[in-house]
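Source: prediction; values computed, not measured. Residue numbers begin at 1 in each chain, while the letters A, B, ... track the order of the sequences.
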Amino acid sequence: MLRYIFQRALLAVAVAFSVSLATFFLLNIATDPAYAIAGEDAEMEVVEQIRETYGLNRPVVVRYFDWLGGVVQGDFGESYYWKKPVAELVVERAPTTIKLALSALFVTIIVAIPLGAWAALNPNSWTDRFALGVAVSAQAVPNFWLGLIMIIVFAVTFPIFPVSGDSTWQHFVLPAFVLGASSVPAVMRLTRTGLIEVMESDYIRTARSKGYRGTALLTRHAMRNALLPVVSVLAVQLGQKFGGSVITESIFAINGLGRLALESILGSDIPTVQMLIFVFAIIFVAMNLLADILNAALDPRIRIT
Amino acid sequence: MMKLATSAFALTAVLTSTAPAFADKSDDTLRVALAEEILSLDYLYTTKREYIILAQMTDATLFEVNPETAEYMPSVASGFTWIDETTLEVTLRDDVMFHDGTLLTADDVVYTYNWIVSEDSESSAKGAIERWLDTAEKTGPNTVQFNLTTVYPLVLRDMAQRVMLRKDGAYSVDGVINQDSMANSLIGAGPYMVESFEPGQELVLQRFENYFDVASPIENVVVRNLPDIGTQQAELMSGGIDWMFKVPLDLAQSLGATQMAEHLSGPDMRVGFLVLDAAGYTDPDGPLTNVMVRQAINHALNTAEMAQFLIGGSSEAIHTPCHPVQFGCTTDIAQYPYDPDQAKALLAEAGYPDGFPLELWAYRDKEVSEAIAADLTAVGIEVDLRYVKLASLNQARANREIPAYFGTWGSGGTADTAAIARVHFSDTSDRNLSGDAELTAAVLAAESTNDRAARAAHYDTALNIIADQAYWAPLFTYSANYLVSPDLNFPLSPDGLPRLDQASWN
Amino acid sequence: MSSVETPDMAEDLPRAPRQIMLDRAKKHGGFLIGATILLSLILIAIFAPLIAPMDPNAQSLSSRMLPPVWTEGGTWDHLLGTDGNGRDYLSRLIFGARISILIGLGAATIGLFIGVTLGVCAGYFGGWVDHAVSFLLTAQLALPGLLLAMALVFIIGPSVLVVICIIGVLHWTYYLVVTRAATQRIRSLDFVAAAQSAGSTPRQVIWHEIIPNLIPQIIVIFTFELGIAILAEASLSFLGVGIQPPTASWGLMIAEGKQAMFYRPWLVILPGLCLFLTVIGANLLGDGLRDITSPEGRN
């Protein structure tokens, strides 16, 4: 088991580094940050000067190893735009995105799991169809459009929530809903399928014959087994929330990592993009690893390995 | 339905906004929203337009422009004399105080100017100032002599616009050179002093009671960074801010029609234009090298409608490669009125009866870019619109990859054609796609003499060349759109520069 | 032969698999709805020039920002109003269908080739091939699509073809996962062993034995990827790195409408609804196909 974890961790780091290498080269081919730093109405002399100051006239390979060397020592460089260490920027904004990601996960859980359970208990009925309808709709709706519609309906026409910003908990309600909606279909279907399978299993029949009925049957026996795969899927979904926060944070003007990523990409702020991609990749792979571990740990049938 | 939505919207904003919704008039605090993140207070180390708005409040300069007359009046200076064409003597006032209480002397002025042109400074102002300044020397306790390297008619302008006065030794902290020393804790000599500054978030200014000139009416100014227009709008409606600028026309008109805000539209020195690759850098035998094709492009554009419907306010169609109020910008040059049929005829005569494909680059005013593309397509020119970030456009242009682009230039609010001509028509600029040596000569000649008549004559020559050869397709002047609280009295300046230090309450 | 056939006997006759699927299809509500939506969309896309009342790129600055006909200020000339450049919104929505279908089909096809190839190879050969593909999969999932899109758009230049390729190259993981698992399963079956012992090369085995059995699943994934690709294009265009103006793309129209959203919400609502309906159609079709082609019927 331990060896397995170690191997997966190594894989995680390998993935993160190859991703960072690929993106570094892509970024530097795609743009010349000197112009981005100089800004509008700046003349050629200023641009040249900036290029020298930031060492942008050195070959790409040299600059990559420079960056790598810094990373190994914990120095991710300085942002071209914000003129302060990237690590500081990330640490500043991470809590906001973490808040958002966890809220979104919360939304997914309270919507998808009860809905899936309800559907499973009444298969092929109208509630089942309704649940599947919700799943299909949530999968089909463009997340950026959903965000804008939420603003139009719940912040302008019926002013219940604020339009944008991130200062109070009310500011997080709509964004959490939008971000969480994308995970609802998968989790709901999984819950439903898992529960249906479990309900028809020998284990439950035994419980039934012992006299357990209704909700007691459900919570004490069925759910626990059905939810095993769901837990690991939730872990993966949480990992995806960080990358998926880019559009949501931009629409709701939330100052988190996602918005920072988008603005850094559009503004050619290479050091910031580098670190964010690295961080997102690590989170993603770590969550996958967590999911694997949870699977192995929680499911007694897999424990042998 | 809309009215209900609007007032309900405002109610919500009030209930959920976290900025304390003071009536700002009552605590004499002007709250201003800027979309661009303010990361440094030192104007000597930035080129972004927003920073001049702040610098105007926190800093002092030797001269100041009078927006009504476009003349440069002494400010920190009390007077000046031209000893000869390349030597300027300036006398200083003796009552100018820095925010830390010390008096400004000739030493400070000399330090500031010499610092900017020195090797170590890496100041953003260096390129502009070292073009004309050799050295500055102190010739008395309150006199400074500036030794120029060449005759340059815009010395006073650069002094007024670019050089914010710093204390002697401001950039040497404990013997070590530190270019960021003024970035966060600025010591200026302007009407407002910095009370607190959180880069990227908020800047708080307080009126400087020992300011040497006329005091500003409002005591406190809070500048908030709100990159999102929606957030700015919500804050304006709930009283969290009193002033917004660079507001999209549609939004300004819609909100201005309500009681919540007032829509102010003022003149702006910024002009819009198409630059055409007449020299053939992208295609030596291309259609743009033919003057009739360029004239056709001019005829194809309905600039009047663009000005009226897309920019609005005081925007007007122009046919000059400069703003008509700028000195030297004569309007007595060739014009190409909107005439699609004439455009098609010219294209046919030039050998392109079925038009030709054209890659048009643009970085702002998307609707205008699309309108231009549509007008050109209507006369047969197949436009491929490349709408990109400014940095990408600048880069592509430097690599001579752009056959035509939609550009704008604000001239820093300066009412002199030099502010737009040299950067677009000198032979060292990549913005010059004319390839015309005679034009370049005229433009540079206009900057090598102080004689106004001679300068005007040179610009007359240059502008006529540009118009006859249709190197550009001039479009329109811009109009600045502001949304302000009904309590605020914000005077609009003819040069388009927002002067917040002159705002007052109603 | 007696002409009397009792009803019971008729139903007991075995039906061909195709007949089974056809019968299921006719009764499957979701499948029918999905198929109808997609088919209508494809027809609209093909016949757009005939259906649209106006040229989607014809601008008229003096009639910009007109509201839909049912709102105060609307006119019958522009049923759904006009956008910021005075272009007819209904026509732009109709032509937007072209972009969505074109890009959806194109990208889903590219993803198919990449994903199925990798999946079958990984599933059939196993060993280091499988590990390599696994690594590729994880790296691909961790790489941000937006960045890749931006870089490629900048280098190659934005065009419909570039967008199709980018999206295709970013969306093959679903194909991979499913075909890999299916290949592993099929590989261990008897008829494959028989073919191998008869001397067939791996290529022949894959081509003749394995892939034909994957086709139903591939088709199902294709319909889902169609929806995903359409949404991906909309997102890219919304962020400004997809379809370029003045071409009408639903995602781009939402981006353009966002600025005026507070006072003219239809600019955002209408294109989004089109996207929503399209993708629902694709997903219902996919779900339906999966139910129809699976051995047990409805899941």
Side-chain angles (χ1 to χ4, degrees), chain B residues 1-3 5-6 9 13 228-230 233-234 237 247-258 301-312 359-363 365-378 382-389 391-393 395-396 401, chain C residues 54-68 70-74 81-88 92 150-151 153-162 237-249 252-253 255-268:
Chain B
M1 157 68 170
M2 274 308 153
K3 280 203 195 126
T6 317
F9 182 32
D228 184 68
I229 269 270
Q233 188 186 343
M237 294 172 99
V247 185
L249 178 65
D250 297 314
L251 181 62
Q253 286 172 331
S254 304
L255 246 187
T258 71
L301 302 173
N302 191 343
T303 52
E305 275 203 348
M306 289 179 209
Q308 183 184 356
F309 294 111
L310 296 180
I311 310 290
E359 210 181 58
L360 176 67
W361 291 63
Y363 70 96
D365 297 313
K366 192 133 162 298
E367 286 173 352
V368 174
S369 313
E370 293 190 51
I372 295 173
D375 277 350
L376 291 178
T377 309
E382 280 298 311
V383 172
D384 177 18
L385 182 63
R386 298 288 305 263
Y387 193 79
V388 297
K389 294 265 141 197
S392 307
L393 191 145
Q395 186 180 342
E401 286 165 7
Chain C
M54 294 187 174
D55 179 356
N57 292 340
Q59 74 167 13
S60 164
L61 295 182
S62 43
S63 6
R64 62 190 292 265
M65 295 291 195
L66 289 176
W70 60 81
T71 320
E72 172 193 330
T82 59
D83 69 357
N85 278 66
R87 297 176 292 214
D88 183 45
R92 286 181 77 74
M150 278 198 64
V153 163
F154 188 83
I155 298 172
I156 310 175
S159 74
V160 176
L161 189 60
V162 170
S237 301
F238 177 74
L239 291 169
V241 291
I243 298 298
Q244 296 296 298
T247 311
S249 140
L252 192 57
M253 288 165 77
E256 289 168 351
K258 176 169 180 272
Q259 264 216 357
M261 173 176 90
F262 292 118
Y263 293 92
R264 299 183 177 89
W266 75 88
L267 289 174
V268 160

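- When each of B:Ala374, B:Ala371, B:Ser369 is checked for heavy-atom pairs under 4.5 Å with chain C, B:Ala371 comes out on top.
- With a 4.5 Å cut-off on side-chain heavy atoms, C:Glu256 and B:Glu367 do not count as touching.
- Partners of C:Arg92 according to the salt bridge (charged side-chain N to carboxylate O under 4.0 Å, His left out) rule, which considers only residues two or more places apart in sequence or in another chain, are C:Asp83.
- Note that CG of B:Asp250 is 4.0 Å distant from CE of C:Met65, once rounded to the nearest 0.5 Å.
- For the atom pair OH (C:Tyr263) and CG (B:Leu251), the distance works out to 6.5 Å, reported to the nearest 0.5 Å.
- Within residues 304-311 of chain B, the residues having any heavy atom closer than 4.5 Å to a heavy atom of chain C are B:Glu305, B:Met306, B:Phe309, B:Leu310, listed by residue number.
- The number of heavy-atom neighbours closer than 6.0 Å to CD of C:Gln259, taken from other residues, nucleotides and ligands shown, is 12 or below.
- At a 4.5 Å heavy-atom cutoff, the contact between B:Leu385 and chain C is made by backbone and side-chain atoms alike.
- To the nearest 0.5 Å, atom CD of residue C:Gln59 and atom CD of residue B:Glu370 are 8.5 Å apart.
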